[in-house]
Amino acid sequence: MYKTDDSDMKIVGADMKVIDESDAEARLYSHERENGNLEKAHDIGKALAAALLNEGGAAYEKNVASDFEARNRSILYAFTADRVLDTFMPNHIIARSAQNEFFDEVRRRNIGLYESISRSGAFSMYLLCGRSGDGRYIGVGKVYAGVIRRPDDEKIEKEGDELYRKYFDYCIEHIKNVEFAF
């Protein structure tokens with residue numbers, strides 16, 4: 001049929017080196033482990049979990065197992081910790097390590113709460129909220145009010161926003177006190 005002569009065509013990038021992303025990830029992980037950042041990430045994850053699980057902690061809720069609203073406040077706090085760690089840690093390796101430690105600690109110490117967090121659609125609904133320029137989610141209070149079955153209750157919406165803001169600020173302050181190596 002049609003004969004084409006493509007002998008004058010050049011393949012762009014033929015001389016480029018193929019970057020093995022898994023190798024780069026492994027090097028970054030090794031670097032973060034060697035400089036102590038992974039240990040710091042684990043400490044942060046444990047500390048934020050302790051604030052949620054220890055009586056007197058910044059996000060502690062009594063009767064999480066039996067009180068529907070307390071359990072859902074704890075889910076809001078877990079979402080907050082997860083988002084702060086994802087957004088404000090130096091890189092994704094450190095963020096993921098801190099997040100994993102946070103959720104592992106919750107699972108070890110309160111399996112019922114961990115299962116509630118894992119099974120709840122609230123976490124996903126919070127993720128759908130918009131983000132402001134400072135990394136905070138907008139509309140969390142409205143979602144919170146819906147989650148605890150009190151939609152359109154402005155007082156509860158404000159309460160949800162305030163709970164989120166306070167724990168967000170607590171998490172940020174905790175992270176700011178950690179000096180990561182580079």
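Only heavy atoms go into these numbers, but all of them, side chains included; no hydrogens, no water, no symmetry mates. Numbers here simply count residues along the sequence, with the first being 1.
Across all their heavy atoms, I93 and N91 have their closest contact at N-OD1, 3.0 Å. When all heavy atoms of K40 and A181 are compared, the closest pair comes out as NZ-N, 4.2 Å. Summarising the geometry of A81 relative to Y167, their closest heavy-atom pair is CB-CE2, 3.9 Å, with the distance given to 0.1 Å. In terms of heavy atoms, I44 sits closest to F180 at CD1-CZ, 3.6 Å. The two residues D161 and G139 make their nearest non-hydrogen contact at OD1-C, 4.4 Å. Closest approach of S74 and V64 over heavy atoms only: OG-CG2, 3.6 Å.
The aromatic ring centroids of F123 and Y126 lie 6.0 Å or more from each other.
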Apply side chain to side chain contact (heavy atoms under 4.5 Å, CB included) to the pair F79 and Y137, showing each step before the final yes or no.
-> CA-CA 11 Å; F79 165 79; Y137 279 72; 4.1 Å; yes

Could you go through the salt bridge (Lys or Arg N to Asp or Glu O under 4.0 Å) check for D104 and R107 one step at a time?
-> CA-CA 5 Å; D104 285 349; R107 187 183 71 244; 2.9 Å; yes

Does the pair L52 and F102 meet the rule for a side chain to side chain contact (heavy atoms under 4.5 Å, CB included), with working shown?
-> CA-CA 10 Å; L52 183 68; F102 174 83; 3.9 Å; yes

Run the numbers on R165 and D169 for salt bridge (Lys or Arg N to Asp or Glu O under 4.0 Å), then give the verdict.
-> CA-CA 6 Å; R165 186 193 61 75; D169 291 345; 3.0 Å; yes

Check the pair L53, L113 against side chain to side chain contact (heavy atoms under 4.5 Å, CB included), reporting the backbone distance first and the verdict last.
-> CA-CA 10 Å; L53 301 168; L113 176 58; 4.0 Å; yes

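Q99 places a side-chain N or O within 3.5 Å of a backbone atom of D82 that can act as its donor or acceptor partner. Put simply, the side chain of N63 never gets that close to the backbone of S66: no donor and acceptor are under 3.5 Å apart. With hydrogens and angles ignored, the 3.5 Å screen pairs a side-chain donor or acceptor of N72 with a backbone N or O of F68. Formation of a donor-acceptor pair under 3.5 Å by the N37 side chain with backbone atoms of E32 is not found in this model.
For the atom pair CG of L127 and CE of M125, the computed distance is 11.0 Å after rounding to the nearest 0.5 Å. Here I138 contributes atom CD1 and R131 contributes atom CZ; the two are 10.0 Å apart, rounded to the nearest 0.5 Å. Taken to the nearest 0.5 Å, the NZ atom of K158 stands 6.0 Å off from the CD atom of E154. Here the CG atom belonging to L163 is positioned 8.5 Å from the OG1 atom belonging to T80, to the nearest 0.5 angstrom. Atom-to-atom distance recorded for K176:NZ and E173:CD is 4.0 Å, nearest 0.5 angstrom. To the nearest 0.5 Å, atom CZ of residue R33 and atom CG of residue L28 are 11.5 Å apart.
The cationic atom of R96 (NZ for Lys, CZ for Arg) does not lie both less than 6.0 Å from the six-membered ring centre of Y29 and within 45° of the ring axis.
In summary, E61 and R73 engage in a salt bridge, as defined by a charged side-chain N under 4.0 Å from a carboxylate O. Taking a cutoff of 4.0 Å between a charged side-chain nitrogen and a carboxylate oxygen, D86 and R83 qualify as a salt bridge. Salt bridge present: R150 and E69 bring a charged side-chain N and a carboxylate O closer than 4.0 Å. Looking at K155 and D153, no side-chain N of the basic residue comes within less than 4.0 Å of a carboxylate O on the acidic one, giving no salt bridge. Salt bridge status for R109 with E105: present, with a side-chain N to carboxylate O gap under 4.0 Å.
Linking Ile, Leu, Val, Met, Phe, Trp and Tyr residues whenever their side-chain heavy atoms come within less than 4.5 Å places Y170 and I172 in a single cluster. Residue F103 is not grouped with residue L38 when hydrophobic side chains (ILVMFWY) are merged at heavy-atom distances under 4.5 angstrom, including chains of intermediate members. Grouping the Ile, Leu, Val, Met, Phe, Trp and Tyr side chains by contacts below 4.5 angstrom, directly or via other members, places V178 with F168. The cluster map of Ile, Leu, Val, Met, Phe, Trp and Tyr, joined by side-chain heavy atoms under 4.5 Å apart, puts I156 and V140 in the same cluster. Linking ILVMFWY side-chain heavy atoms closer than 4.5 Å, directly or via other members, places I117 and I111 in a single hydrophobic cluster.
In this structure, a donor-acceptor pair under 3.5 Å is present between the side chains of E159 and Y144. Side-chain atoms of E101 and S97 form no donor-acceptor pair, as typed in the model, at a separation below 3.5 Å. Checking R71 against S120 by side-chain atom types alone, no donor-acceptor pair falls below 3.5 Å.
K166 has its side chain within reach of E162: a pair of non-hydrogen atoms, C-beta onward, lies under 4.5 Å apart. Annotation: side chain of L85 is in contact with side chain of I175 (closest heavy-atom distance under 4.5 Å).
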